[in-house]
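Worksheet: the structure to be examined is printed underneath.
Numbers here are sequence positions counted from 1.
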Amino acid sequence: MRVATGLSVLVLGAGGIGHAVVSNLEGGIGRVDPFKDMKNRPQSGHGTNLLLVGTDGRDTITKEEKRKYKLGGAPCHCTDTIMLVHLSADKQRASVVSLPRDSYAEIPPHTDRTTGEKHSSHPVKLNAAYAEGGPTLTVRTVEHMTGVKIDHYLEVDFTSFMKTVDAVGGVQICTARPMKDSYTGLDLPAGTHRLDGGQALQYVRSRHVDVGSDLGRMQRQQKFMAALIKQATGNGVLLNPVKFQQVSASVLGSVRADEGFGTEEMLALGKAMKDFSPASSEFASVPVGNPSFPVKGIGSTVQWDEAKSKKLFQALREDRPLAPAKPKPAAGAPKPPAATLVEVAPAEIRVQVYNGTPKDGLGKDVDAGLRATGFNTTNAPLNGELRNLERTLVTYDPRWDRSAKSLATALPGSELKAVKGQGAVMEVTAGSDFTKVRPVRAETKQSGQFSTVTGDEAVCP
């Protein structure tokens, strides 16, 4: 009770100190008016909606940073990342929806902010709305496409992004396979990494590390945001006034926000998030109907699935969760051990187990252990031809080498042996060195009708 009382006092004290801290820092925030002269807006729903945009601004980046992180190109003065963030009315859930920057969009009538020329409604890629009309036209376009009323606007450029990551002490990212992109300079071997601001920028910008291109990049951005939430909520930033001031001073001086997102709103948001964890967040992408929709004069665009996206944005307006409900663990149930990331999901790997020793029941133990971590075993272990095997052996057809590596990860110390023509079924011959199966899982796939992943599923195991 004394600890609980002390924490309550700390939180209340932080609120008072936080007010002074934020009041002093608020003057450093760049201000924009994205809602100026806006009419015929969608009706307000429940909860709070924030439009988070990342621009390709690089004016304040040093020459060394431009060289090191390959940021020397000319900016397009457009939005590199667009996310719609919904904070539930009870402040217990954050739903983040990624909007592809190449989305097919119909821009409302407007006046070009550079030339002053008046334009009628016309098709563009979504990220071009910022180039033509800045924050105001971006908000108008997103509201028109989603039917969701935007309450606040937050704009982050390359500099503020890097400062944010460095201010919280870096962000931990896991990958089951090497990631390399010559365009951004990203070069990560498989495994767990703590990225600083510049490395994190490479990670979220890379589009040439998989066949998913920009859609794959959005999933990495979501993983990054989940990891950032874990880092910010796990090291006391939101409860420690000194840390809060340090992080805020580093970040707020290089972001732009609407006039209404001031001291009281920031404090309310910080207090609401004091109990946040990665599990409090959920991430989705707009359902895509055609990822390569050609438009004359514009090129290939991403066309949304009209019916599915309407349902998604209706769920946001009605303040409903996007992720399917999870079964609650039984009271007193032990926490499952952390799983190692692998490239191929265990459920996709068929395995036949053999006992390569005289020990009775070893094959059955190995089969049960592999099934428990998700492998598709035959559930019928056999005795192997070898009866004095010391080291567990995994044989596989070279055509399924990625699956074999995932299986071998679950059997620490095992030997991999390619057997041409063996087929899709992996064979495990248990040796006397076998002790237990290591839990493994693939990088989380989005699930549910809105293809959603929760933050605790997206962060490192």
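Remark: the backbone N or O of Val302 is not paired with any side-chain donor or acceptor of Asp102 at under 3.5 angstrom. At distances below 3.5 Å, at least one donor-acceptor pair connects side-chain atoms of Asp166 with backbone N or O atoms of Gly197. A donor-acceptor distance shorter than 3.5 angstrom exists from the side chain of Asp181 to the backbone of Arg207, with no hydrogens or angles considered. Not a single donor-acceptor pair under 3.5 Å links the side chain of Thr373 to the backbone N or O of Gly369. Between the side chain of Gln422 and the main chain of Thr395, a donor-acceptor pair closer than 3.5 Å is present. Asn49 places a side-chain N or O within donor-acceptor distance of the main-chain N or O of Lys149, the cut-off being under 3.5 Å. The main-chain N or O of Gly423 is found under 3.5 Å from a side-chain atom of Asp397 such that the two form a donor-acceptor pair. In this structure, the side chain of Gln92 does not engage the main chain of Ser280 through any donor-acceptor pair within 3.5 Å.
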> side-chain contact (heavy atoms from CB on, under 4.5 Å) between Met179 and Arg220: does it pass, once the steps are laid out?
Replying inline: CA-CA 11 Å; Met179 303 183 75; Arg220 286 190 295 279; 3.2 Å; yes
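Arg101 has a carboxylate O that lies under 4.0 Å from a charged side-chain N of Asp80, or vice versa, which qualifies the two as a salt bridge. A salt bridge is absent between Asp157 and Arg256; no separation between the charged side-chain nitrogens and carboxylate oxygens falls under 4.0 Å. With respect to the salt-bridge test (charged N to carboxylate O, under 4.0 angstrom), the residues Lys405 and Glu343 do not qualify.
The closest side-chain donor-acceptor pair between Thr81 and Gln221 falls under 3.5 angstrom. Side-chain contact of Asp151 with Thr48: a donor-acceptor pair under 3.5 Å is absent, judged by distance alone.
The minimum heavy-atom distance linking Phe161 with Val156 is given by the pair N-CG1, 3.6 Å. Considering every non-hydrogen atom in both Glu143 and Val148, the closest pair reads CG-O, 3.3 Å.
Every residue meeting the salt bridge (Lys or Arg N to Asp or Glu O under 4.0 Å) condition with Lys310, not counting sequence neighbours, appears here in chain and number order: Glu306.
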Side-chain donor/acceptor pairs under 3.5 Å, residues 183-192, sequence neighbours excluded:
unit_1 : atom_1 : unit_2 : atom_2 : d
Thr184 : OG1    : Leu186 : N      : 3.3
Thr184 : OG1    : Ser206 : OG     : 2.7

